[in-house]
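Quick caveat, the model's predicted, so the values are computed rather than measured. Hydrogens, waters and symmetry mates play no part in the numbers below; they use all other heavy atoms, side chains included.
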Amino acid sequence: MMVLITYDVNTEDASGRKRLRQIAKQCVNYGQRVQNSVFECLLDAAQCKQLQHRLLAIMDEKKDSLRFYYLGNRYETRIEHFGAKSGYAPEGALIV
């Protein structure tokens, strides 16, 4: 299923900046960054719960915000893109 993950981390201190880097690193391991704090991830249910658990362990619930949007398996009809950055095919080959 396609899951859109967004986050807002308070970076007023060094620990916040560290949390921001750690959350981004975990999200990169599971999906594609589409905006600064937004990731599109193709996950199965187990991967989704694993990532959610990892991110919740990193974030500070009093200072940070984390959102998961579950777009499902037929996500292609639910995403429209406009603007400069080109889209990508999440199920296609990824060249690094």
Side-chain angles (χ1 to χ4, degrees):
M1 78 178 131
M2 173 67 76
V3 180
L4 186 72
I5 300 172
T6 67
Y7 55 88
D8 187 20
V9 177
N10 183 316
T11 58
E12 292 177 350
D13 57 18
S15 64
R17 292 186 290 276
K18 180 179 179 182
R19 289 192 313 275
L20 178 67
R21 288 189 304 275
Q22 290 175 333
I23 288 175
K25 185 176 179 179
Q26 287 298 317
C27 289
V28 164
N29 291 335
Y30 286 87
Q32 175 71 36
R33 184 188 298 260
V34 292
Q35 290 187 357
N36 286 339
S37 296
V38 180
F39 284 81
E40 290 178 352
C41 304
L42 271 178
L43 307 169
D44 61 31
Q47 289 172 320
C48 187
K49 285 298 179 190
Q50 182 180 36
L51 178 57
Q52 189 176 61
H53 177 74
R54 289 179 180 189
L55 296 180
L56 289 173
I58 296 169
M59 74 175 284
D60 181 337
E61 291 185 9
K62 294 179 180 161
K63 296 180 179 180
D64 307 331
S65 172
L66 178 64
R67 290 177 175 251
F68 283 68
Y69 297 90
Y70 303 98
L71 301 180
N73 292 324
R74 299 181 61 170
Y75 60 87
E76 295 92 350
T77 60
R78 296 182 179 145
I79 299 172
E80 288 184 299
H81 176 260
F82 304 96
K85 292 185 178 181
S86 61
Y88 74 104
E91 294 175 349
L94 181 62
I95 299 171
V96 181

Decide yes or no for Y69 and V3: does some side-chain heavy atom of the first lie under 4.5 Å from some side-chain heavy atom of the second? no

Determine, using the 4.5 Å side-chain heavy-atom cutoff (strictly less than), whether L66 and V34 are members of one ILVMFWY cluster. no

Can you find a heavy atom in the side chain of V28 that is under 4.5 Å from one in the side chain of F39? yes

Can you measure from CZ (F68) to CG (L56) and round to the nearest 0.5 angstrom? 6.5 Å

Report the C-alpha distance between R19 and D60 in whole Å, list the side-chain angles of each, state the deciding distance to 0.1 Å, and finish with yes or no for side chain to side chain contact (heavy atoms under 4.5 Å, CB included). CA-CA 8 Å; R19 289 192 313 275; D60 181 337; 3.7 Å; yes

Spacing of N10 atom CG and S15 atom OG [to the nearest 0.5 Å]: 8.5 Å

Salt bridge (charged side-chain N to carboxylate O under 4.0 Å, His left out) partners of D13, counting only residues at least two apart: K63

In this structure, CD of Q22 is separated from CZ of R17 (nearest 0.5 Å) by 13.5 Å

Keeping the roles fixed (side chain from R21, backbone from A24), state whether a donor-acceptor pair exists under 3.5 Å. no

How about Q50 and H53: do any of their side-chain heavy atoms sit closer than 4.5 Å? no

Do M59 and E61 make a side-chain contact, defined as non-hydrogen atoms from C-beta onward lying under 4.5 Å apart? yes

Does some side-chain heavy atom of M2 sit less than 4.5 Å from a side-chain heavy atom of C41? no

Can you tell me how far the CG atom of D44 sits from the CE atom of M1, to the nearest 0.5 Å? 7.5 Å

Heavy atoms only: give me the nearest T6-V38 pair and the separation to one decimal. CG2-CG2, 3.9 Å

Nearest-0.5 Å distance that lies between atom CG in D64 and atom OH in Y7: 11.0 Å

Check whether any side-chain heavy atom of R67 lies under 4.5 Å from a side-chain heavy atom of I5, and answer yes or no. no

So do the side chains of C27 and L55 get within less than 4.5 Å of each other, counting heavy atoms only? yes

Q26 side chain reached by L51 side chain, heavy atoms, under 4.5 Å: yes

If I take atom CD1 from residue I58 and atom CZ from residue R54, how far apart are they, to the nearest 0.5 angstrom? 9.0 Å

